[in-house]
Every structure is written in C-alpha cells, then in structure tokens.
Amino acid sequence: MAADVVSTEAVERAGAEAPREFRDEQLLGATFDHVDLTGSHWDRVDLTDAVMRSIDLTRVELSNVALSQVRVRGAYLVGVEVWGEVEGLTVNGVDVGPLLEAELDRRHPERAALHPTDADGFRAAWDVIGELWDGTVERARRLGSLDPDLLHESVGGEWSFIQTLRHLPFATSSWLLRGIQGDPAPWHPLELPWDEMSPTPGVPQDRDARPTLDEALAVRRDRFERVREHLATLTDEELAGRTAPVQGVGWPPAGESFPVQECLATLLNEEWWHRQFAERDLAVIEARVAAETAERDADGVTAPGAGERPTEEES
C-alpha cells in the first residue's frame, strides 16, 4: 500500500498557523476526512473502535499503546521496531507470538526460570533477576564514573537509567507492599509510576527528580529485599490464593483483589523487561561516548578526567 505523501504546502501551512489544542474533549463518533495531523501530539487518547483508512504513519512514535483485537489490512511495514508484550499477533496468517518467545528464550536462557509455578520457583527466579541486575548496575556505574549525567540521559524519549531504578521500586511497592501485604500507602518519595498515570493523592510522581545513582539504588535495594523476604516464607498455598481487597487511594485500585501469583509474576516481568530496556539504552550511550572519545583522540584533544568538565580554556 502506497501512503499518500504530505505536500510541502500542507506542512508550510500547518507551520504558519497557531497549533490547535484539544484537552479533555469528548469527540466520540467524530469523522476526520482528508485531515492533516502532521507533527501532532496525542496523549491519553482513546481510539477504541476507531476505523482508519488510508493512514500515513511514517515516523510515528507510539508509547504505552494497547493494541488488543486490532485488525490491520493492506499494511506496508518497513523498518518497524516494536518493544512490548506480544501474544496472539498474526502476520500474514502466522501467529508470531510463539516464534518471538522461542527466539527470546534462545537469546536469553535465563527466561526459562522466569515463569515459575510454585513458591520454590519464584524464589529461584528472584535470585536470577538479582544476578542479572548486578551486572547491569556495574555497567551503569562504569558509565556514570565518566559523567554522572549520562545516567540521567534519555535515549529516544525512554526513561533514563536512574528513572528505571526509580520505577521498579514503585512496582514492588504497588504489587507487593500494597497489593499483597495490604499497606495502603507504601511509596517512597523517589518512586516513579508510569508516565501516563493520572495524578493520585499520596502517590509520588516527580519525573524530574535527579537523585544520584547511590540514592536511587538505596530505594531499589530496599524494595528488592522486601520481595526476597516475602518469598522466603511463601508457601504454595499462599501463592495459589488471592489478595485481600486493597484499601485507600492508589495503585492498584482500591477495593480490588488479585491472584497472588499474578502479582508476583508482574514483578518478575517488570524486572526482566526493564533490564532489557536499560541494557539497550546503555549500549547506545556507550557507543556514543566511545565515538566521541575516538574523535577527540583523533583530533589530539585530551579528554577531561572522570566526572570532570572542561575548563573555559579547554572548551
């Protein structure tokens, strides 16, 4: 399918006009025909049951997108990158979900231990997660020794390494301390929920906080060990049970009950995937730093020491 090309005149016209903003609007059943939305920003937009035809999605970035029961016809996918949980995805008649899972298991043999069905399995899985993260933290520490700001750097709009360390304790506080253990407000001020979470009384949401690596790790270690302590006495009977209904405002929502195994599996999933994202982004930063260092060396410029900035004379 050849997508319509947006004309230069349309782009220039859009740039000349003041951008329109639609906030807290109800546009149910609206029709958009021959509409130019080039460069638009969509946040917290519900497109459930929408019908789209002749749509150009070139260079579109999608984050935190739910694509359940979506049907795509006449698609032209070239250079598309998808990171997320894939289940029941059929491409040209082939369910690619099992193929992806098999390839991930081949590349990451440790994943075999991350789908436990009993208490002993969860204890072993948490040890695996801890060992994996030890290596990732050391990798980040080496990078941070060159410049601590590198650990606050976002790659492609994703969370920085420090933000990732702040999010994982939020997941633990939510699903273990609140969901399973019943603490209505367990969050540490540095914890970070997902970006699209609506402001909630009592839940920290300071995306711009800039703690040091050690400060972020202190919160993470505390929450990580809380899980280990809980798993140490977990029985198969408890694992097969459900949580008591959650009390108070927060996440997960008040009044809801969940399977204990589902809560703990969520923590394993969060830990494994966010480490994958962190490793991916650390590699990008490392490659850029190496290229910059090589360029300075080629020019005969001595790089500043670890964590130092060039003086005015040097720059």
Side-chain angles (χ1 to χ4, degrees), residues 63-64 81-87 100-116 121-146 148 150-177 188 190-195 197 207 209 211-231 262-289:
S63 301
N64 295 295
E81 181 179 353
V82 178
W83 287 78
E85 297 186 45
V86 178
E87 181 178 349
L100 290 174
E101 287 297 304
E103 178 62 14
L104 286 171
D105 287 345
R106 186 189 69 81
R107 295 185 181 188
H108 309 285
E110 74 279 0
R111 291 184 85 240
L114 301 184
H115 303 287
F122 271 94
R123 284 186 276 272
W126 203 247
D127 287 341
V128 170
I129 289 293
E131 292 172 3
L132 292 171
W133 266 104
D134 285 346
T136 300
V137 168
E138 285 308 307
R139 181 180 186 179
R141 195 179 290 281
R142 289 193 297 270
L143 193 59
S145 69
L146 301 176
L150 294 174
L151 301 185
H152 291 283
E153 182 174 319
S154 168
V155 175
E158 301 289 343
W159 279 336
S160 69
F161 186 77
I162 297 293
Q163 288 171 326
T164 296
L165 292 182
R166 294 173 56 206
H167 173 69
L168 291 172
F170 172 81
T172 298
S173 294
S174 298
W175 291 107
L176 174 67
L177 305 188
H188 186 282
L190 282 179
E191 292 179 7
L192 183 66
W194 69 97
D195 286 345
M197 182 177 181
R207 196 183 198 276
T212 65
L213 175 61
D214 287 335
E215 289 170 339
L217 282 174
V219 180
R220 163 146 176 78
R221 288 194 193 101
D222 176 81
R223 296 303 191 258
F224 194 88
E225 290 306 314
R226 300 273 195 107
V227 178
R228 195 188 299 278
E229 292 168 3
H230 184 86
L231 294 177
E262 181 180 301
C263 294
L264 295 175
T266 296
L267 296 183
L268 287 175
N269 191 58
E270 286 277 313
E271 291 281 347
W272 193 84
W273 274 112
H274 280 291
R275 177 182 170 273
Q276 294 300 309
F277 303 152
E279 289 275 336
R280 174 197 65 194
D281 294 347
L282 287 173
V284 172
I285 298 173
E286 288 169 342
R288 194 199 71 234
V289 170

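Heavy-atom basis, side chains included; hydrogens, waters and symmetry copies ignored.
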Query raised in the report: What's the verdict on side-chain contact (heavy atoms from CB on, under 4.5 Å) for L168 and F224, showing C-alpha distance, side-chain angles and the deciding distance?
Result: CA-CA 9 Å; L168 291 172; F224 194 88; over 6 Å; no
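There is no side-chain donor-acceptor pair under 3.5 Å between W126 and E271. D195 and W159 share a side-chain donor-acceptor pair at under 3.5 Å.
Put simply, CG on L264 and NE2 on H230 are 5.5 Å apart, with the number rounded to the nearest 0.5 Å.
Not a single ring-ring contact (aromatic ring centres under 6.0 Å, His included) links H152 to another residue, sequence neighbours left out. Residues forming a side chain to side chain contact (heavy atoms under 4.5 Å, CB included) with S154 (at least two apart in sequence, or on another chain): none. Listed by chain and residue number, nothing satisfies the salt bridge (charged side-chain N to carboxylate O under 4.0 Å, His left out) test with E158 (two or more places apart in sequence, or in another chain). Looking at residues two or more places apart in sequence or on another chain, you find no salt bridge (charged side-chain N to carboxylate O under 4.0 Å, His left out) involving D134. Applying the salt bridge (charged side-chain N to carboxylate O under 4.0 Å, His left out) test to R221 and every residue at least two apart in sequence or in another chain returns nothing. Partners of H115 according to the ring-ring contact (aromatic ring centres under 6.0 Å, His included) rule, which considers only residues two or more places apart in sequence or in another chain, do not exist here.
Two residues are said to be in side-chain contact when any heavy atoms from C-beta on lie closer than 4.5 Å; W175 and E270 fail this criterion.
In terms of modelled atom types and a separation under 3.5 Å, the side chain of Q163 and the main chain of R207 share a donor-acceptor contact.
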